[in-house]
Amino acid sequence: MVKGLKNEKIRLTIENFRGIKKGSLEFGKVNILIGGNNSGKTTILESLFLLPNPFRPVPYIARGIGRLNALRVLSLIHSTLGSEANIFLFHYYKGGKAAITFQKDTKAEVSLQFIAKNNIIDILLKDKREYYLGYIHKEAPSQKVEDYLLGVRPSGEPFPLPLRIRTVEYCSSTGEAVFFHPLLLDFICQYFSVQWVTLRASGMTSMVAQKISEAVGADFNDLLLEPFIGGSQTIYFRDKMGRGVRFGDVGSGTQVFVALALLYEHIKPKMLLIDDIESHMNPSLLTYLASWLADTVKDTNLFVTTHSLEAAKILAGVLEDYNPRIKLLELRKGVLKDKDLTLEELERLEKAGIDVRQRGIFL
Amino acid sequence: MRLRILSPPAWRFTRSVTKWQSKLKIPLAPPERINKLILVGNGAQDGVVYLILAHKYNGKYSIGITTTAETREGAIPHIPTIIRELNIEKLVFSLDQEIDELANLKTLLEEKMKTYAIIPNLKEEQSRLYVYDCTHSQRQFELIVAVNGLDDPSYTQHTIEDHLLSFFKEMTNNNEILVETLNRVQGNPKEAWNLLRNHHEEVYQNLLQKGINELERFFPQQVESIKRLKSN
């Protein structure tokens, strides 16, 4: 165990939120979520991502939209054929009330609530006090942050609670949460381009370029933001000979590693949420990523999802000092069930010919 | 009866059973809880045979099937994990006799069970089929050991392929191909079956045309084990 590491306990309860009708799980500092498709893994990450405040601006910029808030990131990920509507937050789009409740150790409980009424969804956050964060429309995408600093709701009704004026804040009891998925790479690069001066000045770009070089056997020594053919700006890896390779032209695993590392170093979130961590990752690069996480996440709660038992074993092994929890998940008629497995149990079951990710055999 | 394959997807056993399930259009069980299981001690070929037999044994009852990282008696140390984690009440353990004497093999299996804290209480014995009431820790389960092989002296060892080759002989109504093939491999049924790989699909398709009673002539201990697995 890492020296000075507490045995952290997080209790997360979800009601009527996306695919989960009901569920309450206990997590630790490092959590590896496994399970079949539609077992609620991503929904757990999404609930944790929204929890600190769905309206806070997050490090993603979408072309044509601009800086995104946490809610809009999820709305865009789930939009199908361009359809966006905030009713996607509720189990089977039924509306009513959805709640995400979080308690870390003995700290006060934090509860985020979405309450649908007529055509709007009120969003409330309760930590030590209860705040009204704002409203969104059921049938439209979530607006920009400033749209919520309104005096009254469209119906003319007053806000149900005092407005939390600084909607850009995150809840201090949860800290900031960063959600990472390879689908978000373009949004992240757009954000980096705006933050480039800060990233370069902090030395992060050269540090991350050198790290990825060790991992993939390249000789990059920095990342640059410079014009490409045609004049538009792009991010380059620069090697020791001074040559540049565009970010999008290196392997996808390399892009994922670099984006994740830069994002983490820039934001230093209290919760790092990585969906499908094995995406684009060769196992040797994943091992390197796990080793970077082991050095990095001392002050962070880590939640990763994976479909790969190989990935789960790599992470659990490399992060062993953090007492990682391998959590097998299953959704049955919307009810979330879980089972904790140790690395030894996972390996013993595999040798016994049991693939733990199969639905309905354990839970 | 429908099978649910529980082994990891990348294992050869899973790939092979899935390939034949797809080719033969045999439906698999839905992802629901199972409490009965076929544990295959010798790999993919047994898996395909049980896939066909279970399909022919009517009903929508779901049964799990898997194999372990170790073969034959090497699978026994994994039985406690399987019983405990999956709440299995009845287990068929299928393995090849190979060159062992049956009595010696039975003793070997029972000794191995005891080593891993499984207390076997033999309640019934037929030709190459042993039925035990077992206790492990506080759990009780029925273990049906089906040993593959036939009393046919043309095979130098006894495996699931004995059964497939005897069916092939009757299906083709031509003993010469089989005799010639066995001569090429010094009577080894596994190697003979491998040499006949161009006929595998034909054999499986023919097996699917037969009724369960007729299949029992060629696979007596395997069919009996399935019947017992189904019974309460």
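We name chains A, B, ... by the order of the sequence lines, and we start the count at 1 in each one.
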**Item:** Interchain contact, B:P9 with chain A, by part (heavy-atom threshold 4.5 Å)
**Value:** both
**Request:** Any chance you could measure B:T14, atom OG1, to A:D355, atom CG, to the nearest 0.5 Å?
**Result:** 8.0 Å
**Prompt:** What's the verdict on side-chain contact (heavy atoms from CB on, under 4.5 Å) for A:I361 and B:R4, showing C-alpha distance, side-chain angles and the deciding distance?
**Reply:** CA-CA 10 Å; A:I361 56 170; B:R4 181 160 184 209; 3.2 Å; yes
**Item:** Flag if over 12 foreign heavy atoms under 6.0 Å of NZ, A:K21
**Value:** no
**Complete:** Nearest heavy-atom approach of B:S7 to A:Q358 is O-NE2, 4.0 Å
**Request:** Taking atom NZ of B:K112 as the centre, report whether more than 12 heavy atoms of other residues, nucleotides or ligands fall under 6.0 Å from it.
**Result:** yes
**Asked** Just wondering, are more than 12 heavy atoms of other shown residues or ligands nearer than 6.0 Å to NZ in B:K106?
**Response** yes
**Message:** Heavy-atom count check: over 12 atoms from other residues, nucleotides or ligands less than 6.0 Å from A:Y92 OH?
**Reply:** no
**Prompt:** Under 4.5 Å between any side-chain heavy atoms of A:L349 and B:E85, yes or no?
**Reply:** yes
**Asked** Which atoms form the tightest heavy-atom contact between B:R33 and A:F362, and what is the distance?
**Response** NH2-O, 2.8 Å
**Complete:** Tightest non-hydrogen contact, residues A:A352 and B:I82, listed as O-CD1, 3.6 Å
**Request:** Mark yes when over 12 heavy atoms from residues, nucleotides or ligands other than A:K313 sit less than 6.0 Å from its NZ; otherwise mark no.
**Result:** yes
**Request:** Against chain A, label B:I5 side chain, backbone, both or neither, depending on which of its atoms sit under 4.5 Å from a heavy atom there.
**Result:** backbone
**Prompt:** So, does A:R359 use its side chain to make a donor-acceptor pair with the main chain of B:E32 at under 3.5 Å?
**Reply:** no
**Asked** Do any N or O atoms from the side chain of A:E350 and from the backbone of B:A69 form a donor-acceptor pair under 3.5 angstrom?
**Response** no
**Message:** Would you say CZ of B:R12 has more than 12 non-hydrogen atoms from neighbouring residues, nucleotides or ligands within 6.0 angstrom?
**Reply:** no
**Message:** Tell me which of these, A:G360, A:G36, A:G353, has more heavy-atom pairs under 4.5 Å with chain B than the rest.
**Reply:** A:G353
**Request:** Verify the neighbour count for atom CG of A:N38: are there more than 12 heavy atoms of other residues, nucleotides or ligands below 6.0 Å?
**Result:** no
